[in-house]
K.L.:
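Before anything else, here's the structure in question.
Read the numbers this way: they start at 1 and go in the same order the structure lists the ligands and their atoms. Only heavy atoms go into these numbers, but all of them, side chains included; no hydrogens, no water, no symmetry mates.
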Amino acid sequence: MSLNQEDAGQANVEQLDVLIIGAGISGIGMACHLNMKSPNQNYAVFEGRDSIGGTWDLFRYPGIRSDSDMYTFGYSFRPWTEGSDIAPADAILRYLQGTVTDYKLADKMRFKHRVKNANWVSADNRWLVDYTIGDSEEVKQLSCKFLLSCTGYYNYEQGYLPEFKGYDDFKGGIAHPQHWPEDLDYSGKKVLVIGSGATAVTLVPSMADTAAHVTMLQRSPTYVITRPARDPIAKFFHSVMPDSWAHKLARVKNVFLSWFLFTKSKSSPDKMRAYLREQVKKELGDAVDVDTHFNPSYDPWDQRLCMVPDSDLFKVLKDGSASIVTDHIDCFTETGVKLKSGTDIEADIIVPATGLSLRFLGGMTMSIDGEAVNIGDLMNYKGMMFGNIPNFSSVFGYTNASWTLKSDLTSDYICRLLNHMDKHQLQRATPTLEDANLEKLPMIGSINSGYIKRAEDIMPKQGPELPWRNQDNYYRDYFTIRFGKLDDGVMKFD
Ligand SMILES: Cc1cc2nc3c(=O)[nH]c(=O)nc-3n(C[C@H](O)[C@H](O)[C@H](O)COP(=O)(O)OP(=O)(O)OC[C@H]3O[C@@H](n4cnc5c(N)ncnc54)[C@H](O)[C@@H]3O)c2cc1C
């Protein structure tokens, strides 16, 4: 059952200035920004689960860690001091918990509060939000002036699982990375990890110590790059200056390095391909056929580059505790999988690390004066808001750099916008899209991974020009988002 504004007048429901949906790294960051820069806003954070952390609390597979460095994946305003900056999930959760404590966010959080629908009521210039608590089906409502979605970008209920012929025939255990069985004992077992993305690259070395053998089966290779899990330059910064300075310096350095790697990959793909191959070859020598297993068909950074901290994946491939196979699955069998080449791989446990299933706005629906909004038709505005949707922002981080770099910028922009609206007693800020025929391009344009392609229809779109184009570039965004005029001629204030 869903209520609408006819069922309950807005005056009778709880009134907030701002509602943040989601208590992952983005929602917590947004709340900190509100505390620091817009302290007059009366806000709450609604989180559907029973704890903070989002991604870093959901995934529990062995070795779960960040793929980017914590100087850029962490917040601009809170130094990372945990040491290893390619960080395990528990260290990230400690950092987030510390942020909640330091910024006194605990009383803003409402756990097990799941937002179902948000309806913009033009007559009131407010959002009327339907939500449920815990397992109850009773739909409650609240009203807010500004709605901020920090719901991440994928379906929490299930990951992506391709259709495998004979999937149910397999007699061993199947462990999905998104729902890792807490009591899974893989010691002395033969493990088959299907996939070649960040999850597979993390799982293989983590399980290889304990398992009898781990095979990584990939349909096609991925570019990988190695670096120390603890950045020696950042370590040096920490040893000679306060943590806050060290964090800032390491952040500046890492933003530059990741930008350089990405732009170089785009401008000189052949050189970058040769460089990445050379690095892997140096690590693996003749132990593995690099040209078969680490030679993707696409150009570097057409899909996300996978991080191999401290050469962990290479070590287990060299010592034989893990191996890599590049082939297609014909079908699952009772004892493992049969490959198209005819080879059988035997396994006690199969881990389909086959990716995420994308979902925008955490599955909630949206309407304007009761008329449903089709998320796939939304037109991105500056990578933060959407054409003709008032007082609404959705945090969507970078896919070609650390997510949080963009979520920090978005939070900063929202505070500026809220302060501007308060100062001038404005009720409504709407990025106004007048050209109904504006060309619609996929919103995530910088990479073309399978999971992004699969979800193009259900994701918002971007236009060919600013402000409708998603720049996906921290340096450019830094200036246009942080310092660009709010009243840019497209944003209409009422
Ligand atoms: C295994 C893994 C590793 C990753 N590593 C990196 C990395 O190293 N670097 C990087 O940049 N990115 C990485 N990413 C991407 C990563 O998800 C983001 O960078 C970041 O964690 C997203 O944070 P978020 O707060 O925006 O979303 P999430 O972490 O997804 O949190 C969203 C929160 O919103 C809540 N929510 C959703 N819908 C609702 C609703 N309707 N009502 C109430 N609450 C709701 C969820 O319960 C969740 O707590 C990784 C992703 C995965 C899956």
K.L.:
Would you kindly specify which portion of Ser407 sits under 4.0 Å from ligand 1, judged on non-hydrogen atoms: side chain, backbone, both or neither?
P.N.:
neither

K.L.:
Can you tell me if Ile25 has a non-hydrogen atom under 4.0 Å from ligand 1?
P.N.:
yes

K.L.:
Of all the heavy atoms in Phe111, does at least one lie under 4.0 Å from an atom in ligand 1?
P.N.:
no

K.L.:
Check side chain to side chain donor-acceptor pair (under 3.5 Å) between Ser402 and all other residues, then give those that pass, not counting sequence neighbours.
P.N.:
Ser68, Thr72

K.L.:
Hey, is His113 one of the residues with a heavy atom under 4.0 angstrom from ligand 1?
P.N.:
yes

K.L.:
Just need the protein heavy atom nearest to atom 31 (O) of ligand 1, so name the residue and atom and give the distance.
P.N.:
Tyr156 OH, 3.2 Å

K.L.:
Could you check whether any heavy atom of Ile64 sits closer than 4.0 Å to an atom of ligand 1, since that is the contact criterion I want to use?
P.N.:
yes

K.L.:
Are Gly397 and ligand 1 in contact, using a heavy-atom cut-off of under 4.0 Å?
P.N.:
no

K.L.:
To which protein heavy atom is atom 1 (C) of ligand 1 closest, and what is the distance rounded to 0.1 Å?
P.N.:
Tyr61 OH, 3.6 Å

K.L.:
Judging by distance only, is a nitrogen or oxygen of Trp403 under 3.5 angstrom from one on ligand 1?
P.N.:
yes

K.L.:
Could a heavy atom of Val395 be found less than 4.0 Å from some atom of ligand 1?
P.N.:
no

K.L.:
Under 6.0 Å from the ring centre and within 45 degrees of the ring axis: does the NZ or CZ of Arg359 meet both conditions for the six-membered ring of Tyr153?
P.N.:
no

K.L.:
For ligand 1, which is the ligand I care about here, please tell me if Thr55 has any N or O atom under 3.5 Å from one of the ligand's N or O atoms.
P.N.:
yes

K.L.:
Under 3.5 Å between some N or O of ligand 1 and some N or O of Gly48?
P.N.:
yes

K.L.:
Between Trp403 and Phe396, is the gap from one ring center to the other below 6.0 Å?
P.N.:
yes

K.L.:
Under 4.0 Å from any heavy atom of Asp67, which atoms of ligand 1 are there?
P.N.:
7 (C), 8 (O)

K.L.:
Would you say Ser402 touches ligand 1, if touching means a heavy atom closer than 4.0 Å?
P.N.:
yes

K.L.:
Given Arg114, Met30, Glu47, which has its nearest heavy atom closest to atom 40 (C) of ligand 1?
P.N.:
Arg114

K.L.:
Check the angle between the aromatic planes of Phe386 and Phe360 and answer parallel, tilted or perpendicular using the 30° and 60° thresholds.
P.N.:
perpendicular

K.L.:
State the atoms of ligand 1, each with its element, that fall below the 4.0 Å cut-off from a heavy-atom position in Gly54.
P.N.:
29 (O), 31 (O), 48 (C), 49 (O)

K.L.:
Between Asp302 and Lys266 (salt bridge meaning N to carboxylate O under 4.0 Å), is one present in this structure?
P.N.:
yes

K.L.:
Can you tell me if Tyr153 contacts ligand 1 (heavy atom of the residue under 4.0 Å from the ligand)?
P.N.:
yes

K.L.:
Using heavy-atom distances only, which candidate in Ser26, Gly22, Gly27, Gly152 approaches atom 27 (O) of ligand 1 most closely?
P.N.:
Gly152

K.L.:
Considering non-hydrogen atoms of the protein only, which is the closest contact for atom 13 (C) of ligand 1, and what is the distance?
P.N.:
Phe73 CE1, 4.3 Å

K.L.:
Check for me whether Trp56 has a heavy atom closer than 4.0 Å to any atom of ligand 1.
P.N.:
yes

K.L.:
Do Phe77 and His33 make the cut of ring centroids closer than 6.0 angstrom?
P.N.:
yes

K.L.:
Out of curiosity, is Arg110 lining ligand 1, as in a heavy atom under 4.0 Å away?
P.N.:
no

